[in-house]
There are 2 protein chains.
Amino acid sequence: MFRLSRGAEYAVRGILYLSITYSEEKVSVIEEISKAQDVPLPYMAKLFQSLARKGFVKSFKGQKGGFVLSKHPKDISLLDVIEAMEGPIFLNVCLIHDGYCPRDKVCPVHDVWGEAQRVFVDYLRKYNFERLAVSAEKKVRVSTGKAKRRS
Amino acid sequence: MFRLSRGAEYAVRGILYLSITYSEEKVSVIEEISKAQDVPLPYMAKLFQSLARKGFVKSFKGQKGGFVLSKHPKDISLLDVIEAMEGPIFLNVCLIHDGYCPRDKVCPVHDVWGEAQRVFVDYLRKYNFERLAVSAEKKVRVSTGKAKRRS
DNA sequence: ACAAACAAGACCATTTCTATCCTGATTTAA
DNA sequence: TTAAATCAGGATAGAAATGGTCTTGTTTGT
């Protein structure tokens with residue numbers, strides 16, 4: 001089943017939220033993030049623990065605590081976040097590592113998967129969160145009918 | 001988890017086997033197919049029941065029974081077989097159908113997934129089993145050191 | 001000292017995946 | 001007509017992944 005897990009999807013949303021508010025230099029608490037991105041709060045809390053351990057966000061305890069990105073949004077790719085949550089991407093078990101599959105020498109599909117994976121992974125790597133945050137703001141402007149003021 | 005299921009992988013192998021022997025106009029029994037492709041026999045048997053119901057293979061009962069492809073290998077794509085076993089490919093739940101995701105109007109990642117899926121699916125559709133069977137034969141020749149006789 | 005936050009781990013229900021097994025129906029050949 | 005070969009269909013089952021909750025602790029600012 002070629003499907004993004006909920007966990008990874010939620011993590012992407014969380015990082016996206018922090019990317020959009022990044023320039024404001026504020027810390028965001030989990031409740032705020034989970035409400036804004038429509039993710040169950042306790043689940044989001046768990047996800048952010050994991051994102052903190054993996055170095056995507058910095059956490060602060062206590063009053064005035066919360067989360068901030070620990071890198072610039074432009075230095076975080078979609079691939080980074082997805083692989084952080086799901087582990088490395090392998091479209092087929094036969095690609096887990098070179099030589100893993102005893103049939104790869106005679107299997108014509110092996111190469112097909114290899115190439116598909118390369119294309120897919122490269123594609124996800126192309127998107128960083130600065131870029132996504134900009135698109136998000138554009139989309140919101142369009143969908144709420146707020147045109148950009150003409151200069 | 002972006003991973004091909006075992007079931008789909010085995011189905012691909014099964015169809016591949018029948019594609020390679022297609023021109024010989026023989027029926028193959030499940031035991032032969034499962035041994036050749038190194039798949040647990042009872043599992044392969046189940047898979048072929050399903051492949052038969054879905055029109056990929058014709059089955060014959062009784063002595064001299066077995067399976068044959070019901071279409072020419074060139075008319076079966078990798079995508080066909082995979083979707084038959086796993087259902088339609090959606091890289092993200094948000095793509096299940098237009099309007100399914102309430103956030104797609106403001107979510108910048110939605111379009112990224114849409115495009116990635118289009119590329120991926122088109123890629124799998126490009127490969128038909130005639131092509132794969134030919135590659136397989138080439139690979140076997142190379143790996144067994146049997147060079148093609150020079151004309 | 002208290003309240004607001006995150007940290008960590010246990011826990012749990014559901015679904016999916018992988019696979020097996022048993023019984024039955026059909027066909028061919030002896 | 002009987003036996004053997006072969007597929008059909010359904011039930012079952014264990015393991016893993018998924019998605020999510022809860023409880024208990026720790027840290028920090030006021």
Side-chain angles (χ1 to χ4, degrees), chain A residues 1-14 18 26-35 37-70 82 85-90 92-93 96, chain B residues 1-14 18 26-35 37-70 82 84-90 92-94 96:
Chain A
M1 270 249 283
F2 298 104
R3 194 101 75 236
L4 186 73
S5 69
R6 221 69 175 195
E9 158 84 13
Y10 291 164
V12 167
R13 287 196 209 170
L18 293 186
K26 59 170 277 211
V27 295
S28 308
V29 301
I30 276 295
E31 194 182 358
E32 170 194 346
I33 303 172
S34 77
K35 272 187 182 153
Q37 294 295 314
D38 203 27
V39 171
L41 189 143
Y43 199 8
M44 194 61 129
K46 271 277 147 239
L47 283 179
F48 265 75
Q49 274 180 35
S50 158
L51 288 171
R53 273 193 299 261
K54 285 162 182 157
F56 288 90
V57 298
K58 273 181 296 198
S59 69
F60 303 96
K61 293 183 177 177
Q63 279 182 343
K64 303 279 177 177
F67 295 89
V68 294
L69 286 186
S70 47
I82 291 171
M85 302 314 297
E86 309 204 338
I89 289 176
F90 304 115
N92 192 341
V93 284
I96 284 184
Chain B
M1 271 251 281
F2 298 104
R3 196 101 75 237
L4 186 72
S5 70
R6 219 71 175 193
E9 159 84 13
Y10 291 164
V12 167
R13 288 195 208 170
L18 293 186
K26 58 171 277 213
V27 295
S28 309
V29 301
I30 276 296
E31 195 183 357
E32 170 194 347
I33 303 172
S34 77
K35 272 187 182 151
Q37 294 294 313
D38 202 28
V39 171
L41 190 145
Y43 199 9
M44 194 61 129
K46 272 275 149 243
L47 284 179
F48 265 74
Q49 273 181 34
S50 158
L51 288 171
R53 275 194 298 261
K54 285 163 182 157
F56 288 90
V57 297
K58 274 181 295 198
S59 69
F60 303 95
K61 292 183 179 178
Q63 278 182 342
K64 304 276 177 180
F67 295 90
V68 293
L69 286 186
S70 48
I82 291 170
M85 303 313 298
E86 309 203 338
I89 289 177
F90 304 115
N92 192 341
V93 285
C94 71
I96 285 183

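Just the heavy atoms: all of them, side chains too, but no hydrogens, waters or symmetry mates, feed the values below.
Going from atom NZ of B/Lys54 over to atom P of D/dG9 covers 12 Å, rounded to whole Å. Atoms CG (A/Leu18) and C1' (C/dC6) sit 14 Å apart, rounded to a whole Å. For the pair A/Met85 CE and D/dT18 P, the interatomic distance rounds to 11 Å; values are reported in whole Å. Whole-Å rounding puts the A/Arg13 CZ to D/dG19 P distance at 12 Å. For B/Lys58 and D/dT6, the NZ to C1' distance is 18 Å, given to the nearest whole Å. If you measure from atom CD1 of B/Ile30 to atom P of C/dT20, you get 14 Å, rounded to the nearest angstrom. In this structure, the CG atom of B/Leu41 is 12 Å from the C1' atom of C/dC21, given to the nearest Å. Atom CE of A/Met44 and atom P of C/dA5 are 16 Å apart (whole Å).
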Could you run down nucleotides 25-30 of chain C 5' to 3' and tag each one B, S or - for protein heavy-atom contact under 4.0 Å?
-> -BBBS-
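A distance of 11.5 Å separates CD1 of A/Ile89 from CE of B/Met1, quoted to the nearest 0.5 Å. Atom OG in A/Ser34 sits 13.5 Å away from atom OH in A/Tyr43 (nearest 0.5 Å).
Proximity of a side-chain donor or acceptor of B/Glu9 to a complementary backbone N or O of A/Asn92 within less than 3.5 Å is not detected. A/Arg3 contributes no side-chain N or O that, together with a main-chain N or O of B/Val93, makes up a donor-acceptor pair within less than 3.5 Å.
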Under-3.5 Å N/O pairs linking protein and nucleotides 8-10 of chain C:
unit_1 : atom_1 : unit_2  : atom_2 : d
C/dA8  : OP2    : A/Arg53 : NH1    : 3.2
C/dA8  : N7     : A/Lys46 : NZ     : 3.0
C/dA8  : N7     : A/Gln49 : OE1    : 3.3
C/dA8  : N7     : A/Gln49 : NE2    : 2.8
C/dG9  : N7     : A/Lys46 : NZ     : 2.9
C/dG9  : O6     : A/Lys46 : NZ     : 3.3

Protein-nucleotides 12-18 of chain C N/O pairs closer than 3.5 Å?
unit_1 : atom_1 : unit_2 : atom_2 : d
C/dT18 : OP1    : B/Arg6 : N      : 3.2
C/dT18 : OP2    : B/Arg6 : N      : 2.9

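Residue-level contact check: B/Pro42 touches the bases, meaning some heavy atom is under 4.0 Å from a base atom.
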Worked verdict on B/Met85 versus B/Tyr10 for side chain to side chain contact (heavy atoms under 4.5 Å, CB included) | CA-CA 10 Å; B/Met85 303 313 298; B/Tyr10 291 164; over 6 Å; no
Give the C-alpha distance, both sets of side-chain angles, the deciding distance and a yes or no for side chain to side chain contact (heavy atoms under 4.5 Å, CB included) between B/Val27 and B/Lys58.
-> CA-CA 9 Å; B/Val27 295; B/Lys58 274 181 295 198; over 6 Å; no
Given A/Ile33 and A/Phe48, is the side chain to side chain contact (heavy atoms under 4.5 Å, CB included) satisfied, shown in steps?
-> CA-CA 10 Å; A/Ile33 303 172; A/Phe48 265 75; 4.0 Å; yes
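Of the residues B/Glu32, B/Gln37, B/Glu31, the one that meets the side chain to side chain donor-acceptor pair (under 3.5 Å) test with B/Lys35 is B/Glu31.
Between B/Ser59 and D/dT6, a side-chain N or O to OP1/OP2 separation shorter than 4.0 Å is absent.
A 4.5 Å side-chain heavy-atom check between A/Val39 and A/Arg6 finds every atom pair outside the cut-off. For the pair A/Phe67/A/Ser59, a side-chain contact is recorded, criterion being any heavy-atom separation below 4.5 Å from C-beta on.
Shown here is B/Lys26, whose NZ atom has more than 12 heavy atoms of other residues, nucleotides or ligands within 6.0 Å.
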